[in-house]
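Single-structure report; data block below.
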Amino acid sequence: MSINVKFPDGAERAYDDGVTPLKIAEGLSKSLAKKVVAAKVDGAWWDLTRALEKDAKIELVVRDSADGLEVLRHDAAHVLAQAVQDLFPGTQVTIGPVVEDGFYYDFYRDEPFSTDDFPRIEARMREIVDADLPIQREVWDRAEAISHFNAIGETFKAKIIDDVIPPGEPITVYRQGNEWKDLCRGPHLPSTGRLGKAFKLMKLAGAYWRGDQANEQLQRIYGTAWADEKQLEDYLHRLEEAEKRDHRRRGRQMDLFHMQEEGRGMVFWHEKGLTLWRTIEAYMRRRLEKAGYVEVRTPQVLDRSFWEKSGHWENYRANMFVCETAEGETLSLKPMNCPGHVQIFKFGQKSYRDLPLRMAEFGACHRYEPSGALHGLMRVRAFTQDDAHIFCREDQIEDEVARFITLANSVHEDFGLTRDHIALGTRPELRAGSEDFWDMAEGQLLNAARKAGVEPVIAEGDGAFYAPKLDFQLKDAIGRIWTCGTIQNDYVLPDRLGAEYVGEDGQKHKPVMLHRAILGSLERFIGVIIENYAGAFPLWLAPVQVTVATITSDADPYADHVVDLLKRAGLRAEADKRNEKIGYKIREHSLAKVPVIAVVGRKEADERKVALRRLGSQEQTVMSLDEALDALKDEAKAPDERRGD
RNA sequence: GCCGCCAUAGCUCAGCUGGUAGAGCACCUGAUUUGUAAUCAGGGGGUCGGGGGUUCGAGUCCCUCUGGCGGCACCA
């Protein structure tokens with residue numbers, strides 16, 4: 001009997017019964033046989049040494065493809081697990097999946113691991129690779145597998161079979177060498193040698209069994225693995241580059257902000273950082289005003305009874321900063337702006353003619369975040385949202401959401417961020433409202449997104465407890481994804497707080513409230529753009545736009561004059577008149593990422609000129625002062641001003 | 001909050017197995033007036049995160065607290 005195999009390019013060949021993908025690869029070319037790590041048979045993963053069972057379409061997966069890397073990383077996880085169990089008897093294995101750029105394995109062991117153990121573990125991993133242990137797939141009986149894993153003390157594996165693997169699905173066990181084996185879906189390499197040496201253990205972390213805080217605490221070892229050493233080096237290099245962009249480091253270097261012990265999760269904004277803030281805020285105000293928003297401001301601290309009415313006391317108390325007065329009142333700092341906005345909406349009567357009412361606030365909120373969640377500017381306890389609530393009729397929702405998507409896209413682009421995708425967070429497990437309500441609310445967001453020409457990626461269960469949401473996932477200059485911007489269609493809060501408007505029919509109706517933010521919070525967004533631009537802000541955002549550097553003190557009065565004119569032209573300019581060489585000044589301001597350095601010496605002063613030098617360029621352009629003022633004034637326009645919108 | 005790691009001058013870091021703190025940059029002073037990514041010389045600066053313990057002796061070892069970092073959990 002023979003087996004007919006179809007290749008992705010359409011070619012077909014016949015093979016003897018029992019042929020394996022590895023044999024097929026060997027028959028095609030030597031180099032392919034070397035590079036191949038697994039196969040896909042009729043679209044399903046297939047081990048190289050597993051015989052084909054019938055006619056099939058086959059795809060050979062090579063090590064440096066995305067699929068191939070996944071196989072390598074999965075094997076690396078197994079090699080890690082074997083190494084750990086060799087070195088630390090009594091350690092139980094749990095799960096070891098592939099993640100972006102690498103893999104991890106969760107272990108259960110009484111004694112903690114230390115990163116000091118990594119060299120030993122890596123060395124043992126290399127021995128396992130060198131030994132080139134054969135890896136074999138075995139199909140086990142379900143009950144037998146459970147009792148076997150229990151018998152050898154691998155209770156987590158037994159639980160996986162019991163709880164996770166649906167009955168009827170085959171139980172596959174991979175044997176690595178003679179002794180070691182692991183429950184695994186596969187596929188795996190034919191032998192450990194094929195993994196190669198391009199792997200490295202990266203970090204150690206705590207994790208919970210099945211992600212639940214109530215369960216056993218496990219120890220997670222993260223590693224990375226690549227097709228070859230070059231790729232590994234490149235990856236490590238990328239990590240270093242990303243670290244250099246770190247907003248916490250750059251924030252310090254550029255004197256933008258700092259944080260200190262007594263205010264965990266609270267930011268001290270320095271002059272330059274606040275300049276950046278104000279530039280962004282001013283830009284947003286222009287955008288919002290043009291988009292038909294009104295701006296309001298609501299109180300920082302409100303009585304407990306207020307939060308009881310809004311439902312926050314019941315649902316959000318754990319995250320609220322609560323305080324008491326000498327007179328015995330209990331108050332809370334606002335964790336959100338929405339209930340306050342409803343009060344403004346409710347003040348006086350609203351008519352359908354007032355809708356949609358788009359109410360914006362740069363709202364300073366405080367939330368008690370768990371200490372372990374705090375992270376630089378990205379996760380803080382005091383932050384300012386570019387918040388707004390759009391009160392509208394149900395039939396206006398889709399249009400408003402679509403308009404919002406358009407606005408948010410435009411804003412994000414102006415900060416050099418490109419959209420990766422929009423996520424639709426659907427009903428979470430704990431939620432308010434009926435299934436019908438959720439069907440309707442999710443449908444509205446989906447339709448609205450499509451109306452704006454976007455097909456959202458579904459994020460199952462990611463919605464808020466009262467409403468589904470659309471989250472903007474943005475990609476920065478080095479390809480990292482950040483969530484900035486969200487919109488939710490809330491039917492619950494306006495109802496709960498008694499917001500009403502008078503409709504065309506003269507009757508009272510309940511408005512729907514769209515919670516939305518474009519930047520998210522100013523803090524976090526500034527963190528994101530610091531990393532996106534690696535501190536080298538475009539001219540319109542740079543805290544210091546122009547430094548006028550003198551060559552000798554002869555040019556000091558002229559430098560002051562130039563700075564004065566630049567400031568009058570609306571530019572943020574400083575003079576550097578220090579008694580230093582021009583090379584030194586250039587170097588310093590270049591490292592400080594000042595976009596334009598204007599060098600002035602005696603010659604420039606005499607001729608009323610400046611020599612402009614742009615960040616990242618070695619060239620100097622000498623031009624008249626007036627020319628330079630005009631040019632810089634124009635270049636420093638914010639993107640919206642440039643467009644004239 | 002949980003697990004692991006870390007905490008030395010303003011910053012980046014050195015300080016081996018315990019023997020009473022060091023570099024570069026920054027800062028201050030002086031000299032130098034300089035033409036496009038670091039001018040030279042001198043100087044000041046640290047209760048080694050806090051507290052406790054072991055020891056003749058602790059930056060170094062142990063305990064504890066605080067904070068930071070990396071994950072996990074959380075993230076309307």
Side-chain angles (χ1 to χ4, degrees), chain A residues 99 104 106-107 109 112-118 202-222 243 246 248-249 252-253 255 258-264 310-312 315-316 318-320 334-339 365 367-376 378-380 385 387 425 428 462-467 469 471 483 486 488 490 492-493 515 517 520-521 524 549-556 577-592 597-604 611-613 615-620 622:
Chain A
V99 292
Y104 67 77
D106 283 348
F107 299 98
R109 175 177 178 239
F113 289 114
S114 153
T115 41
D116 295 341
D117 298 324
F118 281 11
M202 301 300 286
K203 52 200 175 192
L204 188 59
Y208 303 104
W209 168 242
R210 308 203 61 186
D212 189 335
Q213 214 159 3
N215 289 344
E216 291 89 337
Q217 173 91 43
L218 306 175
Q219 300 187 67
R220 176 171 299 178
I221 296 177
Y222 279 93
E243 205 181 310
D246 191 301
R248 293 162 297 190
R249 180 206 277 241
R252 194 169 44 232
Q253 283 169 347
D255 195 17
H258 86 269
M259 298 165 102
Q260 60 191 48
E261 279 193 27
E262 298 95 325
R264 300 185 70 183
S310 72
H312 287 81
N315 294 312
Y316 209 66
N319 289 288
M320 288 159 69
K334 70 172 169 185
M336 298 181 200
N337 306 301
C338 24
C365 295
R367 292 183 195 171
Y368 175 79
E369 300 285 355
S371 57
L374 301 178
H375 180 89
M378 302 303 186
R379 191 82 180 270
V380 289
Q385 292 178 311
D387 203 3
D462 241 10
F465 75 90
Y466 55 81
K469 62 179 180 179
D471 278 333
T483 306
T486 185
Q488 301 149 21
D490 180 7
V492 175
L493 196 66
H515 304 244
S521 82
R524 196 180 128 79
T550 55
I551 290 172
T552 67
S553 51
D554 292 342
D556 284 1
K577 299 183 286 187
R578 290 174 304 171
N579 178 9
E580 294 290 352
K581 288 188 161 178
I582 191 63
Y584 179 85
K585 295 185 184 183
I586 300 272
R587 177 182 158 81
E588 205 165 76
H589 297 115
S590 297
L591 289 173
I597 300 173
V599 175
V600 295
R602 192 189 305 223
K603 217 164 64 186
E604 286 77 11
L612 296 188
R613 185 190 162 113
L615 184 59
S617 161
Q618 311 273 23
E619 279 172 51
Q620 301 87 47
V622 180

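Per chain, numbering begins at 1; letters A, B, ... match sequence-line order. As the structure is a prediction and not an experimental result, all values here were calculated from the model.
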* Per H375(A) side chain, nearest of listed nucleotides G1(B), A26(B), G70(B) -> G70(B)
* With heavy atoms under 4.0 Å as the rule, sort K603(A) into base, sugar-phosphate or nothing. => base
* **Touch class at under 4.0 angstrom, heavy-atom based, for R264(A) against every strand present** => sugar-phosphate
* Asked: For A207(A), which contact category applies under a 4.0 Å heavy-atom criterion: base, sugar-phosphate, or nothing?
  -> sugar-phosphate
* **Presence of salt bridge, D246(A) and R248(A), under 4.0 angstrom** => yes
* To do: State whether R249(A) places a side-chain N or O below 4.0 Å from either non-bridging phosphate oxygen (OP1 or OP2) of G68(B).
  => no
* Asked: With a 4.0 Å cut-off on heavy atoms, is L591(A) in touch with a base, just the backbone sugar-phosphate, or nothing at all?
  -> base
* Check whether any side-chain N or O of R210(A) sits under 4.0 Å from OP1 or OP2 of C72(B), and answer yes or no. => no
* **Sugar-phosphate, base or nothing in reach of Q620(A), heavy atoms under 4.0 Å** => base
* Asked: Do the side-chain N or O atoms of H589(A) get closer than 4.0 angstrom to the phosphate oxygens (OP1, OP2) of U36(B)?
  -> no
* Rounded interatomic separation in angstrom, taking CG from D255(A) and P from A26(B) -> 16 Å
* Which nucleotide in the set G71(B), U39(B), C75(B) lies at the smallest distance from any side-chain heavy atom of Y222(A)? -> G71(B)
* Could you state the atom-to-atom distance from NE2 of H258(A) to P of G67(B) in whole Å? => 16 Å
* **Among G35(B), U39(B), A37(B), the nucleotide that comes nearest once only the side chain of E580(A) is considered** => U39(B)
* For R248(A), answer base if it contacts any base atom (sugar-phosphate contacts may also be present), sugar-phosphate if it contacts only those atoms, and nothing otherwise; contact means non-hydrogen atoms under 4.0 Å. => sugar-phosphate
* Side-chain N or O of Y316(A) less than 4.0 angstrom from OP1 or OP2 on C74(B)? -> no
* Relative to the 5' end of RNA chain B, which residue comes earlier, Q488(A) or R613(A), by the nucleotide with the nearest heavy atom? -> R613(A)
* **Charged N-O contact under 4.0 Å between R602(A) and D554(A)** => yes
* To do: Could you check whether the rings of F113(A) and F107(A) sit parallel, tilted or perpendicular, using 30° and 60° as the cut-offs?
  => perpendicular
* Structure fact -> Heavy-atom nearest pair, A549(A) first then I582(A), reads CB-CD1, 3.9 Å
* Structure fact -> Closest to the side chain of R587(A), out of G35(B), G71(B), A37(B), is A37(B)
* Find which nucleotide of RNA chain B each of S553(A) and L218(A) is nearest to by heavy atoms, and output the residue with the more 5' nucleotide. => L218(A)
* Asked: When all nucleic acid strands are considered with a 4.0 Å heavy-atom cut-off, which category describes E604(A): base, sugar-phosphate, or nothing?
  -> base
* For C72(B), does either OP1 or OP2 sit under 4.0 Å from a side-chain N or O belonging to Q213(A)? -> no
